[in-house]
2 protein chains.
Amino acid sequence: MARKLATLDPQRLDNQICFAVYSAAHAFNRVYKPLLDRLGLTYPQYLVMLVLWERDDVPVKEIGEKLFLDSGTLTPLLKRLEAAHLVKRTRSSEDERQVLIALTAQGHALKEKARSVPQSILAASDCSVSELVAMKDEIVALRDRLNAVIGE
Amino acid sequence: MARKLATLDPQRLDNQICFAVYSAAHAFNRVYKPLLDRLGLTYPQYLVMLVLWERDDVPVKEIGEKLFLDSGTLTPLLKRLEAAHLVKRTRSSEDERQVLIALTAQGHALKEKARSVPQSILAASDCSVSELVAMKDEIVALRDRLNAVIGE
DNA sequence: TCACATTTAATTGTTCGCAATTGAATGTCC
DNA sequence: GGACATTCAATTGCGAACAATTAAATGTGA
C-alpha cells in the first residue's frame, strides 16, 4: 500500500518526466563526447554546425531560433568556432545589426567527418529507427507545448 | 522527392532525437524557472531537495548516483544550499571520507511550499498523466540503455 | 525631420556540468 | 604491520545556459 502510494507521489524523483528528460539529455551528451572530441566540437557547437550544414550564411538570430538559444550563449560559442577556423562572422551590409555566420572550407569539410556520428548514436540507443522517430515526435510535441506556455 | 530524402537525412537537426531531448530539457527548465524562483531554488538544486525529501542524511555520493552528477557539480551546489540554510554538511564519523547531507528545519519546511510545483508542470505539459507516464518510462529506458553503453 | 520604440549582438555575472587532479581515509594483500 | 590500490569529496579550469543590461542600427509615428 505504501508502495502503491509511492508510485503515485508526484513529488518523487522517479515519477517526474522532467528528470527523465534532464537525465537523458546528459546521457546523450556523454555518448556524444568521445565522438565529438575527434571533431574538436562540443555538443552545442555540433548543433550549430548542423544548422550551418543545412544552410550557410545565417544570422545569429536565426541560429538562436532553431536551437532555442540566445546571443548570450551563442556569441562566445561562435567566437570559439571562429577561433577554430570553422566559421567566419561578418556584419551584414544590408542590416548592420545582424552578424552573419558562414562556414569556412574547413567548416564545410567537417560535415564529411561527422557523417558517421548519427549512426553511432543510433547504435548506442539500442532501439529501432521507427521507435526513435516516434519518441522524437512525442518529445518535440511536448517541448512545443511547453514553449507555448512560456510565451504567455 | 527532395522533401522525402530530407526527412530521412540523419544529419538533419529535425531528425535527431537527441536534439529533441536537449531542447525539451531547456523548455522544462524555462517552465520551472518562475516556480522555483519563489522557492529560491534552481532546477538542479530542486532535484537535490527532492532526493533529500525522500531520504535524509545521505552521502554526497548517493545523491550523485541518483541524479547522475559528480562531486565537481554537487560540492559547490551543496555549499550554496548550505549557505541558504536548507541543508547541513557533516563528515561521517564512521567513514571520514563521506560527507553527509541533512535537511535543516527550513529544508524540511520547503517541501510543503514545493508541493504545488508538479501539478503546475503537469498543466504546462498540456497532456494526460497516463501519456506522460508512458513517455517518461520510454525516456528512462532510453537513458538507461545509453548509460549502459557509456560504462563499457 | 525628430522623438521614440524595436531589433540585434555583445557583455557581465551567476550557476551548472564535467574532465582531470589532489588529498585524505579506508581496504586489501602479502 | 606495511606497501599498495581504491574510494570519496574537493578543487581547478573550461564551456555552456540564461538573466539583465548596454549599445548600435533600424523602424515608426507625429
Side-chain angles (χ1 to χ4, degrees), chain A residues 18-19 22-34 36-37 39-49 58-65 67-84 86-87 89-101 147 150, chain B residues 19 22-34 36-37 39-49 58-65 67-84 87 89-101 147 150:
Chain A
C18 23
F19 176 63
Y22 167 91
S23 54
H26 291 317
F28 266 121
N29 199 41
R30 285 189 278 266
V31 173
Y32 268 106
K33 183 98 186 17
L36 296 182
D37 276 351
L39 306 176
L41 295 174
T42 64
Y43 182 66
Q45 289 169 5
Y46 172 66
L47 290 179
V48 169
M49 295 303 286
V58 172
V60 172
K61 167 127 215 259
E62 190 174 322
I63 297 174
E65 282 167 355
L67 301 182
F68 306 96
L69 296 173
D70 68 1
S71 68
T73 301
L74 287 173
T75 296
L77 187 156
L78 290 167
K79 284 183 178 176
R80 278 176 218 117
L81 288 180
E82 190 175 41
L86 295 173
V87 307
R89 305 184 317 128
T90 51
R91 286 270 160 198
S92 165
S93 51
E94 287 145 32
D95 184 343
E96 296 258 337
R97 290 170 302 185
Q98 294 188 344
V99 168
L100 298 176
I101 309 300
N147 279 332
I150 296 164
Chain B
F19 176 63
Y22 167 90
S23 53
H26 291 314
F28 266 120
N29 199 41
R30 284 187 280 264
V31 173
Y32 269 106
K33 184 95 183 23
L36 296 182
D37 276 351
L39 306 177
L41 295 174
T42 65
Y43 182 66
Q45 289 168 6
Y46 173 67
L47 291 179
V48 169
M49 295 303 286
V58 172
V60 173
K61 169 129 215 257
E62 191 175 321
I63 298 175
E65 282 166 355
L67 300 182
F68 306 97
L69 296 173
D70 67 3
S71 68
T73 300
L74 288 174
T75 295
L77 187 156
L78 291 167
K79 285 184 177 176
R80 278 175 220 119
L81 288 181
E82 189 175 42
V87 306
R89 306 184 317 127
T90 50
R91 286 269 160 200
S92 165
S93 52
E94 287 146 32
D95 184 342
E96 297 257 336
R97 290 171 301 184
Q98 292 188 346
V99 169
L100 299 176
I101 309 299
N147 279 332
I150 296 162

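Letters A, B, ... mirror the listed sequences (proteins, then strands); counts begin at 1.
- Listed here is the closest heavy atom pair of B/Ile63 and B/Val58: CG1-CG1, 3.8 Å.
- Between the NE2 atom of A/His26 and the P atom of C/dA19 there is a distance of 12 Å, given to the nearest Å.
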Write down the protein N/O and nucleotide N/O pairs, taken from nucleotides 24-26 of chain D, whose separation is under 3.5 Å; answer none if there are no such pairs.
residue	atom	partner	partner atom	Å
D/dT26	OP1	A/Glu96	N	3.2

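- Closest non-hydrogen pair, A/Tyr46 versus A/Leu41, comes out as CA-CD1, 4.1 Å.
- Distance CG (B/Leu67) to C1' (C/dG17): 13 Å, rounded to an integer number of Å.
- Atom P of nucleotide D/dC18 and atom OH of B/Tyr32 are separated by 16 Å, given to the nearest angstrom.
- Remark: the backbone N or O of A/Thr73 is paired with a side-chain donor or acceptor of A/Asp70 at under 3.5 angstrom.
- Look at OH on A/Tyr22: it is 11 Å from C1' on C/dT15, rounded to the nearest Å.
- The two residues B/Arg97 and B/Arg91 come nearest to each other via the heavy atoms O-NH1, 3.0 Å.
- Here the two rings, on A/Tyr43 and A/Phe28, have centers that are 6.0 Å apart or farther.
- Put simply, CG on A/Leu47 is 8 Å from P on D/dA17, counting in whole angstrom units.
- When each of B/Gln98 and B/Ala27 is assigned the nucleotide of DNA chain D bearing its nearest heavy atom, the one mapping closer to the 5' terminus is B/Gln98.
- The heavy-atom pair separating B/Ala25 from A/Ala25 by the smallest distance is CB-CB, 4.3 Å.
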Heavy-atom protein contacts under 4.0 Å, nucleotides 10-15 of chain D, coded B base, S sugar-phosphate only, - none: BB---S
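- Between A/Arg30 atom CZ and C/dA19 atom P there is a gap of 8 Å when expressed in whole angstrom units.
- For the pair B/Asp37 CG and C/dT15 P, the interatomic distance rounds to 12 Å; values are reported in whole Å.
- The nearest pair of heavy atoms linking A/Pro44 to A/Leu77 is CB-CD1, 3.7 Å.
- Protein atom CD of B/Glu82 is 14 Å distant from nucleotide atom P of D/dA9, rounded to whole Å.
- Rounding to the nearest 0.5 angstrom, the gap separating the CG atom in A/Asn147 from the CZ atom in B/Arg30 is 5.5 Å.
- Within the 3.5 Å criterion, the main-chain N or O of B/Leu100 finds no donor-acceptor partner in the side chain of B/Arg89.
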